[in-house]
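Only one structure is covered here, and it is reproduced in the block below.
Sequence positions, counted from 1, serve as the residue numbers for this chain.
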Amino acid sequence: METLTKAKKKTKKEKAIKINGAEAVVKSLLAEGIDLIYGYPGGAIMPVYDEFYKYQDKLHHVLTRHEQGAIHAAQGYARVSGKVGVAIATSGPGATNLITGMADAQIDSTPVVCITGQVGSNLLGTDAFQETDIVSISTPVTKWNYQITKASEIPEILAKAFYIAKSGRPGPVLIDITKDAQFGELDFEYKKCEKIRSYNPVPKMDKAQVKAAAELINKAKKPFIIFGQGVILANAEEELRELIEKADIPAASTLLGLSALPTEHEFNMGMVGMHGHYAPNVLTNECDVLIAIGMRFDDRVTGNLETYAKQAKVVHFDIDPSEIDKNVKTDVAVLGTVKETLVALNTIINQNINQKWHQEFKDLHQIEYKEIIHPEINPTKEKLTMGEVINAINNETNGEAIIVSDVGQNQMFASRYANFKQSKSVVTSGGLGTMGFSLPASIGAKLGAPSREVVAIIGDGGFQMTIQELGTIMQTKVPVKIVVLNNEFLGMVRQWQEMFFDRRYASTVMTNPEFTAIVEGYGIKAKKVSKRENLSAAVSEMIASKDSFFLEVIVEKEGNVFPMIPTGATVSDIRLK
């Protein structure tokens with residue numbers, strides 16, 4: 001018996017292989033199914049990069065031109081693929097350049113694992129060259145972080161990192177690895193993490209709360225659904241659609257929830273929020289039951305909380321208990337992944353047809369269409385409008401493209417006017433509003449969904465924040481389509497200056513370079529359009545291209561995006577002009 005036990009122990013030991021920490025990082029990534037990462041090398045992470053060289057046939061590394069580009073690319077990849085994105089950088093400035101992307105991923109619930117190199121453990125706290133306490137710096141903007149100082153920790157900590165990043169409400173995780181831990185040896189054995197004590201990423205569904213929610217919804221005369229990205233993250237698009245159709249409930253999306261329900265669905269009333277659609281914003285304050293699904297009642301959605309949906313009973317479906325009652329008082333809270341909770345709800349929900357309620361949405365939509373939408377996509381003015389550019393893209397892509405928008409007016413026009421037929425078609429910076437996001441994120445999106453058309457919509461300001469990532473496109477030959485809407489202004493800020501600061505355009509006028517010349521310098525085909533009669537053909541050429549393509553469109557300088565809820569106003573005070 002004793003001999004048999006010793007033999008078993010020996011067999012177990014033989015499973016482990018002795019390697020250095022850097023190779024353990026690579027093997028851990030491979031064990032998690034990672035085959036694509038984005039990054040930028042440097043001294044403190046060089047041992048890991050040396051191992052990348054040996055594993056080029058199994059692990060593809062995309063060299064971005066800036067660490068911020070790496071994490072935004074990882075975000076774009078994660079958002080369209082449903083997998084965990086991976087970004088890697090060196091210590092000091094390399095690590096701190098990831099911070100904006102981590103903050104962006106945190107607020108938008110994007111699963112990303114960031115790996116950074118660090119100075120040797122004997123130098124920690126000495127202000128050594130390129131030493132920065134990235135763990136302390138990143139704590140507020142990560143779901144979890146950890147500093148590895150021993151090679152033996154690498155497999156277990158990376159397993160935890162991937163589990164935490166993708167479980168429950170997803171988010172970014174940072175793992176900082178000292179240089180001596182990368183060189184140190186360990187007996188490598190990898191086991192995926194499936195549970196962590198005291199960490200409960202998915203709350204247990206309370207069937208009584210589901211029943212209470214159903215009772216409120218079944219009795220409602222004017223029910224209204226607002227759905228967010230939680231539906232997409234939970235792969236609950238079909239369950240959402242079943243609820244809407246079975247219960248005959250009008251629904252609207254948050255910015256990040258766009259594409260969870262096809263744009264053309266008869267019960268899709270558009271987008272809520274500051275620049276959302278007229279009907280769903282106004283009628284939020286007239287519904288009797290407001291059903292929030294996988295959304296967090298962001299201030300850009302609610303406007304003034306003192307006047308938001310006070311007449312309504314509020315039912316909130318969410319995976320994150322901290323979101324319940326955080327901004328809007330909830331009458332019934334249903335915790336859990338919305339796929340599970342909607343399945344339970346749909347079994348006890350009744351159809352409650354109210355044609356008059358639906359007609360209220362249609363009537364308000366007709367007002368918006370006449371006042372705003374039709375003039376925007378069929379303008380009589382001389383200059384091109386942003387809305388008609390997006391409409392031209394719709395005509396060529398038939399709503400099948402992934403739209404990766406930047407931040408500002410271009411983002412709002414894209415979200416308002418782009419059509420979507422399938423889920424995971426919208427990639428944008430929602431909560432943080434990160435200018436410069438679109439170009440690198442579109443690279444990641446295309447690599448995450450290579451069979452789909454990816455169109456980046458960017459303003460002239462945001463484009464110049466990460467313009468160096470054209471080099472990444474040049475080197476990788478990723479066939480991204482880039483559209484810059486050039487109004488020679490920081491457009492959204494200028495709109496506010498026009499409306500609220502008596503047209504004092506302080507520091508918003510942009511003197512731009514010749515974008516097409518710069519883009520062509522990177523070996524990317526470029527075209528510039530300023531006349532309406534040339535727009536359709538240019539967009540058609542861009543979409544038809546098998547390679548990357550850049551299209552600059554000169555649009556009206558002082559065009560505004562409406563409707564708009566002014567800061568501090570209620571949703572029903574949304575302005576049409």
Side-chain angles (χ1 to χ4, degrees), residues 252-253 255 258-259 261-266 268-281 361-406 408-421 425-426 428 453 455-460 481 483-487 489 491-492 495 527-543 551-564 574-577:
S253 169
L255 175 63
L258 285 169
S259 82
L261 187 68
T263 305
E264 298 302 320
H265 192 284
E266 61 175 324
N268 190 340
M269 302 304 165
M271 182 177 73
V272 293
M274 180 172 280
H275 292 287
H277 291 90
Y278 189 53
N281 274 303
F361 283 91
K362 292 176 183 177
D363 291 344
L364 291 179
H365 174 73
Q366 285 304 312
I367 293 172
E368 181 182 359
Y369 187 83
K370 181 181 178 181
E371 295 286 328
I372 295 171
I373 297 173
H374 185 269
E376 181 66 35
I377 62 177
N378 299 284
T380 56
K381 57 186 78 173
E382 179 186 355
K383 296 291 185 181
L384 287 161
T385 68
M386 292 190 185
E388 72 176 308
V389 178
I390 304 301
N391 194 50
I393 294 169
N394 284 337
N395 293 336
E396 288 296 328
T397 62
N398 197 30
E400 300 285 356
I402 295 171
I403 302 297
V404 186
S405 61
D406 210 72
Q409 287 183 320
N410 65 89
Q411 179 186 41
M412 292 297 100
F413 277 108
S415 61
R416 283 181 51 79
Y417 292 98
N419 292 331
F420 306 106
K421 288 189 174 180
S425 293
V426 175
T428 194
E453 194 72 72
V455 183
I457 307 294
I458 320 176
D460 47 315
K481 310 302 168 59
V483 179
V484 166
L485 303 174
N486 185 357
N487 57 8
F489 267 111
M492 188 62 85
Q495 178 171 335
K527 180 160 280 193
K528 184 175 183 178
V529 171
S530 59
K531 295 184 181 299
R532 184 162 290 115
E533 57 265 31
N534 299 327
L535 177 63
S536 179
V539 172
S540 180
E541 182 184 357
M542 174 184 73
I543 298 301
L551 177 62
E552 177 186 4
V553 184
I554 307 301
V555 296
E556 58 179 335
K557 285 192 173 186
E558 295 184 72
N560 291 329
V561 55
F562 282 106
M564 179 179 181
I574 187 169
R575 294 169 55 171
L576 289 170
K577 59 180 72 175

*Starting from the C-alpha separation in whole Å, work towards a yes-or-no answer on salt bridge (charged side-chain N to carboxylate O under 4.0 Å, His left out) for Glu396 and Lys481.*
CA-CA 13 Å; Glu396 288 296 328; Lys481 310 302 168 59; over 6 Å; no
*asked:* Is there a side chain to side chain contact (heavy atoms under 4.5 Å, CB included) between Leu576 and Ile372? Walk through the geometry before answering.
replied: CA-CA 7 Å; Leu576 289 170; Ile372 295 171; 3.4 Å; yes
*Does the pair Met542 and Lys527 meet the rule for a side chain to side chain contact (heavy atoms under 4.5 Å, CB included), with working shown?*
CA-CA 9 Å; Met542 174 184 73; Lys527 180 160 280 193; over 6 Å; no
*Between Val529 and Leu384, is a side chain to side chain contact (heavy atoms under 4.5 Å, CB included) present by the stated rule, with each step listed?*
CA-CA 9 Å; Val529 171; Leu384 287 161; 4.1 Å; yes
*Can Ile393 and Ile457 be said to form a side chain to side chain contact (heavy atoms under 4.5 Å, CB included), step by step?*
CA-CA 10 Å; Ile393 294 169; Ile457 307 294; 3.6 Å; yes
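Side chain of His275 to backbone of Pro563: a donor-acceptor contact under 3.5 angstrom is found. A donor-acceptor distance shorter than 3.5 angstrom exists from the side chain of Asn281 to the backbone of Gly273, with no hydrogens or angles considered. The backbone N or O of Ser405 lies less than 3.5 Å from a partner atom in the side chain of Thr428, making a donor-acceptor pair. At least one donor-acceptor pair closer than 3.5 Å links the side chain of Asn394 to the backbone N or O of Asn419. Although no hydrogens or angles enter the test, the distance criterion places no donor-acceptor pair under 3.5 Å between the side chain of Ser253 and the main chain of Met271. Between the side chain of Ser415 and the backbone N or O of Leu255, no donor-acceptor pair lies under 3.5 Å.
Note: Phe413 and Tyr417 have parallel aromatic rings, judged against thresholds of 30 and 60 degrees for the angle between ring planes.
Using a 3.5 Å distance cut-off with no hydrogens or angles, the side chains of Thr397 and Glu453 do not pair a donor with an acceptor.
Within the model, atoms CD of Glu388 and CG of Asn395 stand 11.0 Å from one another, a figure rounded to the nearest 0.5 Å. Going from atom CG of Leu535 over to atom CD1 of Ile554 covers 12.0 Å, rounded to the nearest 0.5 Å. Between the CE atom in Met269 and the CG atom in Leu364 there is a gap of 11.0 Å [rounded to 0.5 Å]. Met412 contributes atom CE, which lies 6.0 Å from atom CE of Met492 (distance to the nearest 0.5 angstrom). Note that CZ of Arg532 and NZ of Lys381 are 9.0 Å apart. Values are rounded to the nearest 0.5 Å. Rounding to the nearest 0.5 Å places CZ of Phe489 at 5.5 Å from CD of Glu558.
What you find for Ala279 and Phe361 is that their closest heavy atoms are CB-O, 3.6 Å. The nearest pair of heavy atoms linking Asn410 to Gly459 is ND2-N, 3.3 Å. Taking each heavy atom of Thr263 and Ala418 in turn, the nearest pair found is OG1-O, 4.1 Å. Listed here is the closest heavy atom pair of Pro379 and Glu376: CD-O, 3.6 Å. Scanning all heavy atoms of the two residues, the minimum distance from Ala392 to Val539 falls at O-CG1, 3.7 Å. Across all their heavy atoms, Asn487 and Gln409 have their closest contact at ND2-OE1, 3.3 Å.
For Glu382, the CD atom sits in a loose shell: 12 or fewer heavy atoms of surrounding residues, nucleotides or ligands are nearer than 6.0 Å.
Judged as a ring-ring contact (aromatic ring centres under 6.0 Å, His included), not a single pair has a partner in residues 382-406 (not counting sequence neighbours).
In this view, Gln366 satisfies the side-chain contact (heavy atoms from CB on, under 4.5 Å) rule with no residue, not counting sequence neighbours.
With contacts defined as side-chain heavy-atom distances shorter than 4.5 Å, the pair Lys577/Glu371 qualifies.
Asn486 pairs in a side-chain hydrogen bond (donor to acceptor under 3.5 Å, both in side chains) with only one of the listed residues (Glu552, Lys557, Lys528), which is Glu552.
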